[in-house]
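FYI, side chains are in, hydrogens and waters are out, and symmetry mates aren't considered; it's all heavy atoms of this structure.
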Amino acid sequence: MMNKLLVEFLGTMFLLFTILATGNYLAIGAALAIGIFLGGKISGAAYNPAVAIVLFTAGKLKKDDLLPYIIAEVLGAIAGWYLYKQSLKSMK
């Protein structure tokens, strides 16, 4: 279970950082594709609480996994935002 949550955390962090740092749809799509390629078999590569909820309603995510996934994704998004903010400070 911990591997799944780590993949969701890191994938969400990487995706959000890419969104904030580039704003480029090709880079964002590439980041998502890389995340899915690397983490898809481990966690399902939701990387978004809305996607996790859809996976749950489709029967592809267990009820016991839904809340931990959402927490890991929200924490990953916060970490991605923080990483972006730190990268801006280091560029000054």
Looking only at heavy atoms, the pair that brings Leu15 and Ile28 closest together is CD1-O, 4.0 Å
With side chain to side chain contact (heavy atoms under 4.5 Å, CB included) as the criterion, how do Lys63 and Phe56 come out once you've worked through the C-alpha distance, each side chain's angles and the decisive distance to 0.1 Å?
CA-CA 7 Å; Lys63 182 180 180 180; Phe56 169 70; 3.7 Å; yes
Applying side-chain hydrogen bond (donor to acceptor under 3.5 Å, both in side chains), name anything that partners Tyr84, two or more places apart in sequence or on another chain.
none
Just wondering, more than 12 heavy atoms not from Met1 lying within 6.0 Å of its CE?
yes
Give a yes-or-no answer on whether the side chains of Ser43 and Glu8 include a donor-acceptor pair shorter than 3.5 Å.
yes
Any idea which heavy atoms bring Thr18 and Ala27 closest together, and the distance?
CG2-O, 3.6 Å
Quick one: do Leu38 and Leu10 satisfy side chain to side chain contact (heavy atoms under 4.5 Å, CB included)? Show the steps, please.
CA-CA 11 Å; Leu38 294 175; Leu10 292 174; over 6 Å; no
Heavy-atom side-chain proximity of Tyr69 to Pro49 below 4.5 angstrom
no
Measure the shortest side-chain to side-chain distance between Asp65 and Lys62 over non-hydrogen atoms and say whether it is less than 4.5 angstrom.
yes
Ala79 and Met13: which non-hydrogen atoms are nearest, and at how many Å?
CB-SD, 3.7 Å
Report the distance from atom OH of Tyr82 to atom CD of Gln86, rounding to the nearest 0.5 Å.
3.5 Å
Verify same cluster id: Leu61, Ile71 (apolar side-chain graph, 4.5 Å):
no
Which heavy atom of Leu16 sits nearest a heavy atom of Trp81, and at what distance?
CD2-N, 3.8 Å
Do Val74 and Leu55 share a hydrophobic cluster (ILVMFWY, side-chain heavy atoms under 4.5 Å, transitive)?
yes
Other than Tyr25, which residues form its hydrophobic cluster under the rule that side-chain heavy atoms must be closer than 4.5 Å?
Leu26
Shared ILVMFWY cluster between Val51 and Leu32, side chains joined below 4.5 angstrom?
no
For Gly40 against Ala45, the heavy-atom pair lying closest together
CA-CB, 3.8 Å
Kindly indicate whether the side chain of Tyr47, heavy atoms from C-beta on, has any atom under 4.5 Å from the side chain of Val7.
yes
Looking only at heavy atoms, which two atoms of Ala52 and Ala46 are closest? And how far apart?
N-CB, 3.9 Å
Determine whether Thr12 and Leu75 make a side-chain contact, defined as any pair of heavy atoms from C-beta on separated by less than 4.5 Å.
no
Is there a continuous path of hydrophobic side-chain contacts, each under 4.5 Å between heavy atoms, that joins Leu5 to Leu67?
no
